A.B. asks: 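Just dropping this structure here.
A note on names: the letters A, B, ... follow the listed sequences, proteins ahead of strands, and every chain is numbered from 1. Since we're looking at a predicted model, the values are computed, not measured.
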Amino acid sequence: MTLRLYNTLQRAAVPFEPLDPPTVRMYACGPTIYDFAHVGNYRSFVVYDLLRRYLMWLGYDVRFVMNLTDVDDKVIDGAAKAGLDIREFTAPFGEAILRDAETLGILPADAYPMATQHIEGMVEWVRRLEEKGLAYAADDGSVYFRIAGFETYGDLKGLDPDSLKTGARVDVDEYEKDDARDFALWKAAKPVDAEVGAAWDSPWGKGRPGWHLECSVMSIAELGETLDIHLGGEDLIFPHHENEIAQSEGVTGQPFVRFWVHVKHLILEGEKMSKSLGNTVTVRELLDEGVEPAAIRHELMSAQYRRELNFTREGLAASSAAVQRLVDFHARLEELTPTEGADDTRVASLADAALGRFRAALDDDLNSAEALAALFVFVKEVNAELDTAAQVNAGDRQAALDAIESMDRVLGLVSLAQAGRAVDDDVAAWADDMVAERDQARKDKDFARADAIRDELAAKGLVLEDSAEGTRWKVVR
RNA sequence: GGCGCCGUAGCCAAGUGGUAAGGCAGAGGCCUGCAAAGCCUUUAUUCCCCGGUUCGAAUCCGGGCGGCGCCUCCA
């Protein structure tokens, strides 16, 4: 079995093989840091994380880079309104986005380059494109990419370049361009740009880089001229990624990206999520409402990444319960006392089957919904086996633990949920004392007292489970 | 107008030619002092509708209906 990924370039799922195994060079278009990121952004980030973790799980050495766009029209507008320099304006958003990513169990990237750190490189690129006749300066000091000079323009999106000429959304203000389809590599500074610190010296006068340019320059600076995988939201296919290809290959003459992977946009409560509808939800808001991070992460991976995902509050509640089931299962295994010499159960073979199905699911274009199903089938089967078997040996217990922990290295749900259930030592000690007191009350048949203690613990989010081995308490979110 | 996606139980969502995964929610039961957790049974004779192909279709084809995305800076 090999991993197959849907490559937008080929419009088909094709076997993935890195150019230089075991290294995988992977780049993702990150957010523009002019606001807090919404759950739609995080669907993409979670998918990036899922792919990265799965590649690592398969044994690849993944080098992952995600940019943060810290200069563009929206950044400049926001900074101007706030009366701040763009760096002051964007820094808190960048920090918040990375903090929330960490909260959702997203592994940190190897680098988070920002456009303002690569101005020199971008100027150099524009210069080289100009040398090759692929760029030209307009009278106002802006520089444009000449699409007519790049014959495969439009291939990624499958667009006919000629059809773009009459596009209704072509900006009528850009009369300086030779061709309406040409896009800006370098934008001449407007007065407001300089006010917020978004104007740099260049051979064409004061200006700032165009948005598309940064991803080409930064990804190649970090990872080399040919990337194995380039990720982004589906909206970026055109024009952003199309432009990246044109710029990059225009300069290097090498294939820029081998696999283009695009994440479908989610919808929110059955509706398109957009700022104009005013229905965006940020991860920050959900966390403030008390939604646990693992539930958000679970819901974001509950549909395969190229499918529409309907993100709902009801779904979050379901995800929270599903995550709790995984946590309970893991705890059951950890707390299980193995019996030496006990007969083998079906657990080891169930683990093999589950891992096989899990892997087949993810190999199939990262089908996370199917992978989750494999895990939950495993949970049910092992629970049933443990209910049936009088005793379990250490090998079977370990096989089950190894299996769920292995799958969770990709999913990142159990570890995240467990981290969210950690309690302070003094709370744990208090809970232990209360459980001991309740045990005594139960022995004395003082069930009123026992139930009162249980209620008291419940008020603090601690739930009791009585069993033959004794009583345990757990944190529920 | 061009290109493309989707429509599966109360909700979310796999399956894409061989007789409907999984999670949540609901019902009944076992276990329990009562719970919790877990297990068992149950909840779509059917996959938007109508035709067609096939021994056989949720899966392929045609036509509808409905929802959605992109077509120059939105993950």
Side-chain angles (χ1 to χ4, degrees), chain A residues 11 28-32 37-48 69 72-74 154 157-160 163-164 166-171 174 180-184 187 210-212 231-240 242-243 262-267 270-276 298-299 302-304 306-312 314-326 328-329 331-332 357 361 364 367-377 379-380 382-388 442 445 447 450-451 454 458 463-468 471-474 476:
Chain A
R11 297 186 178 220
C29 285
T32 300
H38 53 64
V39 289
N41 293 298
Y42 281 99
R43 179 187 199 188
S44 292
F45 304 160
V46 166
V47 170
Y48 303 164
T69 296
D72 87 328
D73 291 348
K74 294 187 294 295
K157 179 66 177 173
L159 290 174
D160 172 6
S163 73
L164 299 173
T166 54
R169 293 170 64 179
V170 170
D171 189 341
E174 313 241 56
R181 303 168 301 165
D182 292 346
F183 60 90
K187 295 184 155 188
W211 174 48
H212 310 297
L231 298 130
E234 60 171 343
D235 54 301
L236 299 181
I237 297 171
F238 189 90
H240 186 52
E242 198 76 59
N243 291 169
H262 292 101
V263 183
K264 179 106 174 159
H265 281 190
L266 57 70
I267 60 175
E271 284 190 316
K272 175 187 177 176
M273 180 173 69
S274 73
K275 300 219 167 187
S276 58
H298 179 273
E299 183 162 25
S302 67
Q304 197 260 359
R306 286 195 300 115
R307 293 277 199 139
E308 188 173 88
L309 167 66
N310 188 9
F311 191 92
T312 65
E314 191 179 350
L316 279 173
S319 287
S320 193
V323 163
Q324 183 68 47
R325 182 167 163 81
L326 296 178
D328 286 342
F329 176 70
R332 180 179 190 182
R357 184 177 169 193
D364 182 16
N367 190 339
S368 52
E370 172 69 11
L372 283 168
L375 173 56
F376 278 100
V377 167
V379 169
K380 179 182 278 289
V382 172
N383 269 325
E385 190 72 5
L386 296 180
D387 279 1
T388 304
R442 293 177 71 213
K445 306 286 184 195
F447 295 121
D451 290 350
R454 183 165 62 199
V463 171
L464 297 182
E465 293 181 5
D466 297 326
S467 73
T471 299
R472 67 182 291 261
W473 56 266
K474 67 178 183 184
V476 172

A.B. asks: Using atom C1' in both nucleotides, what's the gap between B:U53 and B:C60 to the nearest angstrom?
C.D. replies: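 The same atom, C1', in both gives a distance of 8 Å.
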A.B. asks: For the pair made of CZ in A:Phe376 and C1' in B:G22, what is the distance, rounded to whole Å?
C.D. replies: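 In whole Å, B:G22 C1' lies 8 Å from A:Phe376 CZ.
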A.B. asks: Return the pairing partner of B:U19 with a 3.5 Å limit on both distances, Watson-Crick or G-U wobble; otherwise return none.
C.D. replies: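 None - no nucleotide pairs with B:U19, as no candidate has both distances under 3.5 Å.
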A.B. asks: Please give the distance between the P atoms of B:G2 and B:G15 as a whole number of Å.
C.D. replies: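 30 Å, rounded to whole Å.
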A.B. asks: With a 3.5 Å cut-off and just heavy-atom distances, do the side chain of A:Lys380 and the base of B:C40 make a donor-acceptor pair?
C.D. replies: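 When only heavy-atom distances are counted, A:Lys380 does not reach the base of B:C40 through any donor-acceptor pair under 3.5 Å.
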A.B. asks: So A:Val377, base contact, sugar-phosphate only, or nothing? Heavy-atom distance under 4.0 Å.
C.D. replies: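 Answer is sugar-phosphate: A:Val377 comes under 4.0 Å of backbone atoms only.
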A.B. asks: Classify the ring geometry of A:Phe45 against A:Tyr48: parallel below 30°, tilted from 30° to 60°, perpendicular beyond 60°.
C.D. replies: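 Ring orientation, 0 to 90° scale: tilted.
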A.B. asks: Applying a 4.0 Å non-hydrogen cut-off, can you work out what A:Gly232 is touching in the nucleic acid: base, sugar-phosphate, or nothing?
C.D. replies: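 Answer is sugar-phosphate: A:Gly232 comes under 4.0 Å of backbone atoms only.
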A.B. asks: Base, sugar-phosphate, or nothing: which does A:Asn243 touch, judged by heavy atoms less than 4.0 Å apart?
C.D. replies: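 No contact.
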A.B. asks: Could you state the atom-to-atom distance from CG of A:Leu372 to C1' of B:C12 in whole Å?
C.D. replies: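 The distance from CG of A:Leu372 to C1' of B:C12 comes to 12 Å, rounded to the nearest Å.
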A.B. asks: How many whole angstroms separate atom NE2 of A:His240 from atom P of B:C73?
C.D. replies: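 Rounded to whole Å, this separation is 13 Å.
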A.B. asks: Please give, in whole Å, the distance from B:C70 P to A:Ile267 CD1?
C.D. replies: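 That distance rounds to 13 Å.
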A.B. asks: Taking B:A36 as the reference, what is the distance to B:C47 when you measure between their P atoms (whole Å, please)?
C.D. replies: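 37 Å, rounded to whole Å.
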A.B. asks: Remember a base hit wins even if backbone is also touched, and classify A:Leu236 as base, sugar-phosphate or nothing at under 4.0 Å, heavy atoms.
C.D. replies: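 A:Leu236: backbone/sugar contact only, no base atoms under 4.0 Å.
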A.B. asks: In whole angstrom, what separates A:Leu309's CG from B:G7's P?
C.D. replies: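 Going from A:Leu309 (CG) to B:G7 (P), I get 14 Å.
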A.B. asks: Mind checking if A:Lys445 touches a base, just sugar-phosphate, or nothing, with heavy atoms under 4.0 Å?
C.D. replies: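 No contact.
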A.B. asks: Look at all strands and tell whether A:His262 reaches a base, only sugar-phosphate, or nothing, counting heavy atoms closer than 4.0 Å.
C.D. replies: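 Contact class for A:His262: none.
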A.B. asks: Can you tell me the pairing partner of B:C39 across any strand shown, Watson-Crick or G-U wobble, with both distances under 3.5 angstrom?
C.D. replies: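 B:G29 - that is the nucleotide pairing with B:C39, both distances being under 3.5 Å.
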A.B. asks: Considering every strand and a 4.0 Å limit on heavy-atom distances, what is the contact class for A:Asn310: base, sugar-phosphate, or nothing?
C.D. replies: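 Sugar-phosphate only.
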A.B. asks: Is A:Arg442 touching bases, backbone alone, or none of the nucleic acid, heavy atoms closer than 4.0 Å?
C.D. replies: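 Answer is base: heavy atoms of A:Arg442 come under 4.0 Å of a base.
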A.B. asks: When the distance from CD of A:Glu299 to P of B:A13 is rounded to whole Å, what number comes out?
C.D. replies: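 Taking atom P of B:A13 as the reference, CD of A:Glu299 is at 8 Å.
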A.B. asks: Considering only heavy atoms from C-beta outward, does the side chain of A:Arg332 approach that of A:Leu386 to under 4.5 Å?
C.D. replies: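 Yes. Closest side-chain heavy atoms under 4.5 Å.
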A.B. asks: Select base, sugar-phosphate, or nothing to describe what A:Glu465 touches, counting heavy atoms under 4.0 Å on all strands.
C.D. replies: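 Answer is base: heavy atoms of A:Glu465 come under 4.0 Å of a base.
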A.B. asks: With a 3.5 Å limit on both atom pairs, tell me what B:G4 is paired to, counting Watson-Crick and G-U wobble, or say none.
C.D. replies: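 Pair assignment: B:G4 / B:C68.
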A.B. asks: Which base sits across from B:A57 as a Watson-Crick or G-U pair, both distances under 3.5 Å?
C.D. replies: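 Here B:A57 is not engaged in any pair, so there is no nucleotide opposite it.
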A.B. asks: Which comes earlier along RNA chain B counting from the 5' end, the contact point of A:Met273 or that of A:Phe183, where each point is its nearest nucleotide?
C.D. replies: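 The answer here is A:Phe183.
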A.B. asks: Using the closest heavy atom to pick a nucleotide of RNA chain B for each, name whichever of A:Ala322 or A:Ala384 lands nearer the 5' end.
C.D. replies: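 Its nucleotide being nearer the 5' end, the pick is A:Ala322.
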A.B. asks: Base, sugar-phosphate, or nothing for A:Asp328, non-hydrogen atoms under 4.0 angstrom?
C.D. replies: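 Counting heavy atoms under 4.0 Å across all strands, the contact made by A:Asp328 is with sugar-phosphate only.
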A.B. asks: For A:Arg472, report the nucleic acid contact type (base, sugar-phosphate, nothing); a contact means any heavy atom under 4.0 Å.
C.D. replies: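 Nothing, no nucleic acid heavy atom in range.
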A.B. asks: What integer distance in Å separates A:Leu386:CG from B:A37:P?
C.D. replies: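 In whole Å, B:A37 P lies 17 Å from A:Leu386 CG.
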A.B. asks: Can you tell me the pairing partner of B:C24 across any strand shown, Watson-Crick or G-U wobble, with both distances under 3.5 angstrom?
C.D. replies: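 When the pairing criteria are applied, B:G10 turns out to be the nucleotide that pairs with B:C24.
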A.B. asks: So A:Arg306, base contact, sugar-phosphate only, or nothing? Heavy-atom distance under 4.0 Å.
C.D. replies: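 Nothing, no nucleic acid heavy atom in range.
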A.B. asks: What interatomic distance, in whole Å, is found between P of B:C50 and the corresponding atom of B:A57?
C.D. replies: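 15 Å, rounded to whole Å.
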A.B. asks: Using a strict threshold of under 4.0 Å (side-chain N to carboxylate O), is an ion pair present between A:Glu370 and A:Arg357?
C.D. replies: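 Yes, this pair counts.
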A.B. asks: Would you call A:His265 stacked on B:A75, i.e. ring centres under 5.5 Å apart with the planes less than 30° off parallel?
C.D. replies: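 Ring-base stacking flag set for A:His265 and B:A75.
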